[in-house]
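Order of the sequence lines sets the chain letters (A, B, ...), proteins ahead of strands, with each chain counted from 1.
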2 protein chains.
Amino acid sequence: MYFSVYDGAVSSRPEVTMAERKRQLVSSELTEAALQLLARKGFDAVTIDEIVATAGVSRRTFFRYFASKEDVVVQFLADMGDGIRAELAARPDDERPSVALRHAVWVPVAACGDHRERVLPVVRLILRTPALRARFLERQAQWSDDLTGEVARRLGRDAGDDMYPRLAAGMALSAFDAVLRRWSESDGAEDPAQLTDRAFAVIAPALDGDGA
Amino acid sequence: MYFSVYDGAVSSRPEVTMAERKRQLVSSELTEAALQLLARKGFDAVTIDEIVATAGVSRRTFFRYFASKEDVVVQFLADMGDGIRAELAARPDDERPSVALRHAVWVPVAACGDHRERVLPVVRLILRTPALRARFLERQAQWSDDLTGEVARRLGRDAGDDMYPRLAAGMALSAFDAVLRRWSESDGAEDPAQLTDRAFAVIAPALDGDGA
DNA sequence: GTCGCTCGTGGCACTCAGTGTCAAGGGGTG
DNA sequence: CACCCCTTGACACTGAGTGCCACGAGCGAC
């Protein structure tokens, strides 16, 4: 499940402990309060004190759940990175890179489209706030490193010696970025899955080239 | 001239005003002190107070020259973005994208190699410090937007309608990133210009494809 | 020369992000 | 009941970044 699509209520599965459920609840409360305030008033106009007052916890507790104000927002989309990597790892090793990477990006992106009402405001907030944009790009850089490793493993190449794996990961995330941006600029009107196809049609010749 | 290769002394050209030269001097002093301290002790271990004490100016003055602690470092490499765009704009409009973009990236990258002693420590500092990495990527995102516009202009395409310009810019900067990283990891041993050639050999098929 | 203008600077106070520490409470376990 | 573990809230503190104001150095006008 990508971008923490919690339902706001505590799931009462018996296998998780009480403390665990309380933690989830506080985290949800905090995320909900933060995203709602930030999207409405803008990133700089909201202080941590406002957020914790709305969520009904202490300032100190906020920083036990999130490393920074940026983190609340970025965390919301953070799981997509793991999703992309996991999806790539699940593709057969002999599949063409362009196909495997397209699928890897496709799945999380399509999930965005499925939760447009919740995800789109967050994406718009990130794209228009430099500090958030920076932190999000930082996160993407980690995704890029992960993807690089996975691509190298699939091809049996050494990422420290060969430039292809890193470039392939970079191109795939450039496509991801372009899709997210187009999707946001169209107010969610364009189909993310289709945008992904179009983006990968452009970069495929390089992904499947001989990588000399 | 990329990455502010000042000489530490005040150039006494008569056509610039006294105040202007003083400003340059303070800026140099600050940059010098900051880079030296940060590279030696690490980003988090150095406070603004230390920097300004070393440079001999007040805390308040620091923020008149740089927007943040990150900014001192990132600014040092910031001109490379303008360089890339300018270089691209200078290429003939009918040149193949792979060739034009390769040249555009090549020139600033080669400049890095020419000032290795000064640039390499900064690059290493950025790559190993998350906060700086984030700010640098943020800056690169601006470069990407600029490049996207220039690519669209060259091809007479609309960047708002066509995904190719944004993807081409993204791929070029992915290549730039990969080169910078390899260069840093090799302690400057590998030739940046040659790394650029190799990276563009990988992405060229996509840059010169029909961009369907 | 000196008056007055401008601009860069330093000093101060303030807000806010982020962290270390400690005491208190609540829930599970013997 | 007593004990332990984990989470929380409260407080204090550092450091980044900003607004404000007064001072002084350069510079043109007279």
Student: Measure the distance from CD1 on A:Ile48 to P on D:dA10 and round it to the nearest whole Å.
Tutor: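 Computing the A:Ile48:CD1 to D:dA10:P distance gives 17 Å.
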Student: Rounded to the nearest Å, what distance is computed from the NZ atom of residue A:Lys22 to the P atom of nucleotide D:dT8?
Tutor: 7 Å
Student: Can you find an N or O donor on one side and an acceptor on the other, under 3.5 Å apart, linking the side chain of B:Arg60 with the base of D:dG19?
Tutor: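 Yes.
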Student: Would you indicate whether the side-chain heavy atoms of B:Leu38 and B:Leu132 approach each other to under 4.5 Å?
Tutor: no
Student: Between D:dG17 atom P and B:Asp71 atom CG, what is the distance in whole Å?
Tutor: 9 Å
Student: Send over the distance from A:Arg21 CZ to D:dC6 P, rounded to a whole Å.
Tutor: 19 Å
Student: Run the salt-bridge test on A:Arg182 and A:Glu185 with the 4.0 Å N-O cut-off and return the result as yes or no.
Tutor: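 No, no charged N to carboxylate O under 4.0 Å.
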Student: Evaluate the side-chain proximity of A:Glu138 to A:Val74: yes if any heavy-atom separation is below 4.5 Å, no if none is.
Tutor: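 With C-beta onward as the side chain, the pair stays apart.
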Student: Need two values: the first and the last nucleotide of DNA chain C, 5' to 3', having an atom under 4.0 Å from any heavy-atom of chain B.
Tutor: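 First-to-last contact on DNA chain C, by the 4.0 Å heavy-atom rule, is C:dT9 to C:dC12.
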Student: Look up atom CG in B:Asp158 and atom CZ in B:Arg153, then write down how far apart they are to the nearest 0.5 Å.
Tutor: 14.5 Å
Student: Heavy-atom nearest nucleotide on DNA chain C for B:Arg59 versus B:Arg23: which residue maps closer to 5'?
Tutor: B:Arg23
Student: What is the distance, to the nearest angstrom, from the CG atom on A:Asp44 to the P atom on D:dG19?
Tutor: 12 Å
Student: For B:Leu38 and D:dA16, give me the distance from atom CG to atom P, rounded to whole Å.
Tutor: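 Atom CG in B:Leu38 sits about 11 Å away from atom P in D:dA16.
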Student: Apply the side-chain contact (heavy atoms from CB on, under 4.5 Å) test between B:Asp71 and each candidate in B:Phe66, B:Tyr65, B:Phe76; give the one that qualifies.
Tutor: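 Among B:Phe66, B:Tyr65, B:Phe76, the one that satisfies the side-chain contact (heavy atoms from CB on, under 4.5 Å) with B:Asp71 is B:Phe66.
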Student: Between atom CZ in A:Arg64 and atom P in D:dA10, what is the gap in whole Å?
Tutor: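 Rounded to the whole Å, the gap is 11 Å.
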Student: Could you state the atom-to-atom distance from CD of A:Glu29 to C1' of D:dT8 in whole Å?
Tutor: 15 Å
Student: Report the C-alpha separation of B:Trp106 and B:Phe200 in whole Å, then their side-chain angles, then the decisive distance to 0.1 Å, and conclude whether the ring-ring contact (aromatic ring centres under 6.0 Å, His included) test is met.
Tutor: CA-CA 10 Å; B:Trp106 182 326; B:Phe200 271 84; 9.5 Å; no
Student: Would B:Arg128 count as a cation-pi partner of B:Phe43, with NZ or CZ less than 6.0 Å from the six-membered ring centre and within 45° of the ring normal?
Tutor: no
Student: Within the structure shown, what part of the strands sits under 4.0 Å from B:Tyr65 by heavy-atom distance: base, sugar-phosphate, or nothing?
Tutor: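 Since only primed, P, OP1 and OP2 atoms lie under 4.0 Å of B:Tyr65, the category is sugar-phosphate.
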Student: Hey, which sits more toward the 5' end of DNA chain D by its nearest nucleotide, A:Gly56 or B:Val46?
Tutor: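 Whichever sits nearer the 5' end wins; that is A:Gly56.
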